[in-house]
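All ligand and atom numbering here is 1-based and tracks the order in the structure. These figures come from a predicted structure and were not determined experimentally.
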Amino acid sequence: MPIKPLRKAVFPVGGLGTRFLPATKAMPKEMLPVVDRPLIQYAVDEALEAGIEQMIFVTGRGKSAIEDHFDIAYELEATMRGRGKSLEVLDATRLAPGAVAYVRQQEPMGLGHAVWCARDIVGDEPFAVLLADDFMVGKPGCLKQMVDAYMQVGGNMICAQEVPEDQTHMYGVITPGRRDGALTQVKGLVEKPAKGTAPSNLSVIGRYILQPEVMRVLETQGKGAGGEIQLTDAMARMIGDQPFHGLTFDGQRYDCGDKAGYVTANLAIAIGRADIGDSVRAFAVDLLK
Ligand code: G1P
């Protein structure tokens, strides 16, 4: 079967973001900035770099700031223009007309359920899933690295990373098979295994390339870990039917679903920036003395 190219990406952004309260009381967690760009902007940029043409956001109540972010801000732009300011800084927020779709997940029933809510927009083609709080920094970006590998092997692919043994209970965990360069065959998957029961420490990170059949599997997927409909459980049921690989990403992951990870990401990105890097670095060095 020929390998179908990837054109669509699903961004589940319905989560409540309770770990970042009170910051996320009235603002979606995906809008938290790393320096001056919201997390969701980095994820969309990563998708564009990987050749994605349509962004599908699975939203929920209180997430309208995301829709506004990827829209024209008439008043702001008119005012900036009037003051002779360049609008270039807003370029990244402009998606081509029709290149963005929103579907609402009425209840937070889990990642699998969120993805399934996008089934009609995804249709009968492969698609990516990006979790914006896994902030991935690499050249090329994480999804592009995955797409390059996917065009060779097809099937389903997840981003895989080894995590400390005492953290596997927070992840989807892989039973690894044969390893070939950055690709590891996925022989089994378990969502958030109880401590001491994980099949390995190779874990699922929030980037996926999935075949449309997963939508049919999700339809009958019962509740799993945490009483939620888990994407990992549906993917596990597809192993054996189609090629399934984990790609070890060449780059750095920051877990921005976690406060320490989020602060670390801000520091790392700030230090690497041409405009503020020197002063932030000097301050950090001084602070640690
Ligand atoms: C989700 C997935 C999990 C994956 C993780 C990566 O969990 O369910 O399989 O390992 O993202 O960040 P969450 O972090 O939303 O609980």
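Going from atom CE of Met27 over to atom NZ of Lys63 covers 9.5 Å, rounded to the nearest 0.5 Å. Taking CG from Leu21 and NZ from Lys29, the interatomic distance works out to 11.0 Å, rounded to the nearest 0.5 Å. The structure places CZ of Arg119 at 7.0 Å from CD of Glu219, a figure rounded to the nearest 0.5 Å.
Each of the following atoms of ligand 1 lies closer than 4.0 Å to a heavy atom of Asp134: 6 (C), 12 (O). Residue Gln230 has at least one heavy-atom neighbour below 4.0 Å for each of these atoms of ligand 1: 8 (O). Listed by number with element, the atoms of ligand 1 under 4.0 Å from a non-hydrogen atom of Glu191 are 2 (C), 3 (C), 8 (O), 9 (O). Remark: ligand 1 atoms within the under-4.0 Å shell around heavy atoms of Thr232 are 9 (O).
Just one of Arg207, Lys139, Lys144 meets the salt bridge (Lys or Arg N to Asp or Glu O under 4.0 Å) condition when paired with Glu46; it is Arg207.
Distances between N or O atoms of Arg19 and those of ligand 1 include no value under 3.5 Å. Taking distance alone, with nitrogen or oxygen atoms compared against 3.5 Å, Gly172 approaches ligand 1 more closely than that limit.
Within a 6.0 Å radius of CD in Glu75, other residues, nucleotides and ligands contribute 12 heavy atoms or fewer.
Looking at atom 16 (O) of ligand 1, its nearest protein heavy atom turns out to be Lys192 NZ, 2.7 Å.
Residue contact annotation: Met170 has no non-hydrogen atom under 4.0 Å from ligand 1.
Within the 4.0 angstrom cut-off, atom 11 (O) of ligand 1 has one or more protein heavy-atom neighbours.
For the pair Glu228 and Lys192, the salt-bridge criterion is not met [side-chain N within less than 4.0 Å of a carboxylate O]. Using a 4.0 Å cut-off between a side-chain N of Lys or Arg and a carboxylate O of Asp or Glu, Arg273 and Asp36 qualify as a salt bridge.
Smallest separation of non-hydrogen atoms from Thr24 and Gly17: OG1-O, 2.7 Å.
When the options Ile158, Leu111, Val204 are ranked by their closest heavy atom to atom 4 (C) of ligand 1, first place goes to Val204.
When heavy-atom distances to ligand 1 are checked against a 4.0 Å cut-off, Leu131 comes that close only through its side chain, counted from C-beta outward.
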